[in-house]
Amino acid sequence: MLDKIGIAKRIAQELKDRYFVNLGIGIPTLVANYIPKGIAVEFQSENGVLGMGPFPFEGEEDADIINAGKQTITTLPGASFFDSALSFGMIRGQHVDLTILGAMEVAENGDIANWKIPGKMVKGMGGAMDLVASAENIIVAMMHVNKAGESKILKKCSLPLTGVGCVKKVVTELAVLEITPKGFKLLERAPGVSVEHIIASTEAELIIEGEIPEMVID
Amino acid sequence: MINKKVNNVQDALQGIENGMTIMLGGFGLCGIPENSIAELVKKETKDLTCISNNAGVDDFGLGLLLHKRQIKKMISSYVGENVEFERQMLSGELEVELIPQGTLAERCRAAQAGIPAFFTPAGYGTEVANGKETREFNGKMHVMEQAFKADFAIVKAWKGDTAGNLIFKGTARNFNPCMSGAAKITVAEVEELVEAGTLDPNQIHIPGIFVQRIFQGEKYEKRIEQRTVRQKK
């Protein structure tokens, strides 16, 4: 079974040379720490920066340079700043190649719910609806089951949707799943996790073809 | 040169009345018009509808106006950092309209650019699209969204000149350029106000035509919401 860092490391393997990538808050943010060697990627943050670097050294924080999580950041050579309309132009215009974000639920038709739980304080969707409606390639980083032990990989989302038919791949602590026209296809299982365990933890039907390889994580 | 300079924040905010709709720039606490917000608190202007990506924190930013119950309605994309906000929202004292962040930015830009409405894929198939016209373009469904209508836009820039030209710094740019010229009157507060002719016209982010009043803010606290650092090796 993977921890959050393991999920981030596995997703980092999906990064390709010359990709522009938008990382959501939480596990997706960790992906930036595990970029495969020998490739160049740039991270976009929707509040208006491309070419985001690591957190600043203590004493070098700049209140005017933050990411979408409102954390102080630095920029790398080649970075640029821009306004919010241009930032979402980049996103809706599909200039950003890959979006990695968290979710509360994902359904077998690619629907995603990640912004609202009825009856609870709603904080808002931020940029998530624009991102999922626009990106050609969306990978969800999430835990397979919720705190009550219920599957978050579903036939149909029960929570209010963030976007419809948009998720392409899901990486959890148990498995890598691809969303195909026929539903979730099990691609890989986490180290030490059996196919039976994954089936038992998943409400949706899984397409399982042949031997399912174990993920290779450094 | 058409002079846009006003002497102080009081003059800059003249004409803001109870019940008006105001756009305010900023992302979190980054690039917010601190001096204008402080003055609105002093003026005790009430029943405001505020269009702003976020709603500040309890004791800073728009949280200061919320605390004094000066805001009737918030139009934002994310409002999570504020206990008083949550209380007013759950008790029904505060009306809240949550809209996707890119749609928020584009509704500002559309108002600035004289585009009454536009189609976006964001929110299609979600409750955000309820009651709105939808249409298919290139095999994909889109939702029609309309330009905002606001009485005042209050933006914050790094540098400005007496002609109203603005230059922003870092990610403090965010919604500020989109809101400039997107309301009947745009007020810009800047950290440094210089004489027209001092700034290089090649470096201007927002031309002065979009700004009616400009002043230099008395002080900037520039509070950091999430101070994150790494250790030196």
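Keep in mind that this is a model prediction, so the values were computed, not measured. Residue numbering restarts at 1 for every chain, and letters A, B, ... go by the order of the sequence lines.
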Asks: So which part of B:Val128 gets closer than 4.5 Å to some heavy atom of chain A, the side chain, the backbone, both or neither?
Replies: side chain
Asks: Of all of A:Gly48, A:Pro56, A:Gly127, which one pairs up most often with chain B through heavy atoms under 4.5 Å apart?
Replies: A:Pro56
Asks: Most heavy-atom pairs under 4.5 angstrom with chain B, which of A:Asp83, A:Val164, A:Leu131?
Replies: A:Asp83
Asks: Heavy-atom pairs under 4.5 Å with chain A: which of B:Met89, B:Gln226, B:Glu225, B:Lys222 has the most?
Replies: B:Gln226
Asks: Relative to chain B, which segment of A:Asn67 carries a heavy atom at a distance below 4.5 Å: side chain, backbone, both, or neither?
Replies: backbone
Asks: Going by atom types only, do B:Ser36 and B:Glu189 share a side-chain donor-acceptor pair under 3.5 Å?
Replies: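 A donor-acceptor contact under 3.5 Å links the two side chains.
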Asks: With a 4.5 angstrom heavy-atom cut-off, could you sort out which part of B:Asn82 is near chain A: side chain, backbone, both or neither?
Replies: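 When you check distances to chain A, no heavy atom of B:Asn82 falls under 4.5 Å.
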Asks: By a 4.5 Å heavy-atom criterion (distance strictly below it), what part of B:Arg227 contacts chain A: side chain, backbone, both, or neither?
Replies: both
Asks: Using a cut-off of under 4.5 Å on heavy-atom pairs, state which of A:Ser134, A:Gly165, A:Ala63, A:Gly126 scores highest against chain B.
Replies: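 Option with the top pair count is A:Gly126.
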Asks: Can you say whether B:Phe168 sits under 4.5 Å from chain A via the side chain, the backbone, both, or neither, judging by heavy atoms?
Replies: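 Neither part.
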Asks: Determine yes or no for a side-chain-to-main-chain donor-acceptor pair under 3.5 angstrom, with B:Gln216 supplying the side chain and B:Leu193 the backbone.
Replies: yes
Asks: In terms of heavy-atom pairs under 4.5 Å with chain A, which of B:Pro177, B:Gly170, B:Ser76, B:Ala105 leads?
Replies: B:Gly170
Asks: Minimum heavy-atom separation for B:Leu94 to B:Ile71, with atom names?
Replies: CD1-O, 3.5 Å
Asks: Which atoms of B:Leu29 are under 4.5 Å from chain A, going by heavy atoms: the side chain, the backbone, both sets, or neither?
Replies: neither
Asks: Name the option with the most non-hydrogen atom pairs under 4.5 Å to chain A; the candidates are B:Arg223, B:Lys169, B:Arg109, B:Glu106.
Replies: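 Winner by heavy-atom pair count: B:Lys169.
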Asks: Using atom types as modelled and distance alone, determine if a side-chain donor or acceptor of A:Glu203 lies under 3.5 Å from a backbone N or O of A:Lys155.
Replies: yes
Asks: May I ask you to establish whether B:Arg230 and A:Phe55 are in a cation-pi arrangement, using a distance under 6.0 Å from NZ or CZ to the six-membered ring centre and at most 45° from the ring axis?
Replies: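 Cation-pi check for B:Arg230 and A:Phe55: fails.
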Asks: Checking A:Val122 against chain B: side chain, backbone, both or neither under 4.5 Å from a heavy atom?
Replies: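 Both backbone and side chain of A:Val122 come within 4.5 Å of chain B.
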Asks: Does any N or O in the side chain of B:Lys140 come within less than 3.5 Å of the main-chain N or O of A:Ala133, such that one atom is a donor and the other an acceptor?
Replies: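 Checked: pair present.
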Asks: Is chain A contacted by the side chain of B:Glu191, its backbone, both, or neither, given a heavy-atom distance below 4.5 Å?
Replies: side chain
Asks: Please classify the contact of A:Thr162 with chain B as side chain, backbone, both or neither, using a heavy-atom distance under 4.5 Å.
Replies: backbone
Asks: Given side chains that start at C-beta, do those of A:Leu101 and A:Val140 come closer than 4.5 Å, heavy atoms only?
Replies: yes
Asks: Decide whether A:Tyr19 and A:Glu14 meet the rule of one side-chain donor and one side-chain acceptor closer than 3.5 Å.
Replies: no
Asks: Hey, does the side chain of B:Asp161 reach the backbone of B:Val194 with a donor-acceptor pair shorter than 3.5 angstrom?
Replies: no
Asks: A:Ala68 versus chain B, heavy atoms under 4.5 Å apart: side chain, backbone, both or neither?
Replies: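 Contact with chain B involves both backbone and side-chain atoms of A:Ala68.
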Asks: Identify which of A:Lys70, A:Met129, A:Glu58 forms the greatest number of heavy-atom pairs closer than 4.5 Å to chain B.
Replies: A:Lys70
Asks: Of the listed residues (A:Gly124, A:Ala85, A:Pro160, A:Ser84), which shares the most heavy-atom pairs with chain B below a 4.5 Å separation?
Replies: A:Ser84
Asks: Please check if the side chain of B:Ser52 supplies one atom and the backbone of B:Asn54 the other of a donor-acceptor pair under 3.5 Å.
Replies: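 Confirmed, B:Ser52 side chain pairs with B:Asn54 backbone.
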Asks: With respect to chain B, which residue among A:Val49, A:Ile65, A:Asp62, A:Ile66 yields the maximal number of heavy-atom pairs within a distance under 4.5 Å?
Replies: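 Among A:Val49, A:Ile65, A:Asp62, A:Ile66, the one with the most close pairs to chain B is A:Ile66.
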Asks: Using heavy-atom distances under 4.5 Å, tell me whether B:Met141 contacts chain A through its side chain, its backbone, both, or neither.
Replies: neither
Asks: Would B:Arg173 count as a cation-pi partner of A:Phe81, with NZ or CZ less than 6.0 Å from the six-membered ring centre and within 45° of the ring normal?
Replies: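 No, B:Arg173 and A:Phe81 do not form such a contact.
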Asks: Which atoms of A:Glu60 come close to chain B, meaning under 4.5 Å heavy atom to heavy atom: side chain ones, backbone ones, both, or neither?
Replies: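 For A:Glu60, the side chain is the part near chain B, not the backbone.
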Asks: For the residue pair B:Asn53 / B:Ser77, report whether a side-chain donor-acceptor contact shorter than 3.5 Å exists.
Replies: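 Result is yes, a qualifying pair exists.
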Asks: To the nearest 0.5 Å, how far apart are CD1 in B:Ile224 and OG1 in B:Thr228?
Replies: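 Answer rounded to 0.5 Å: 8.5 Å.
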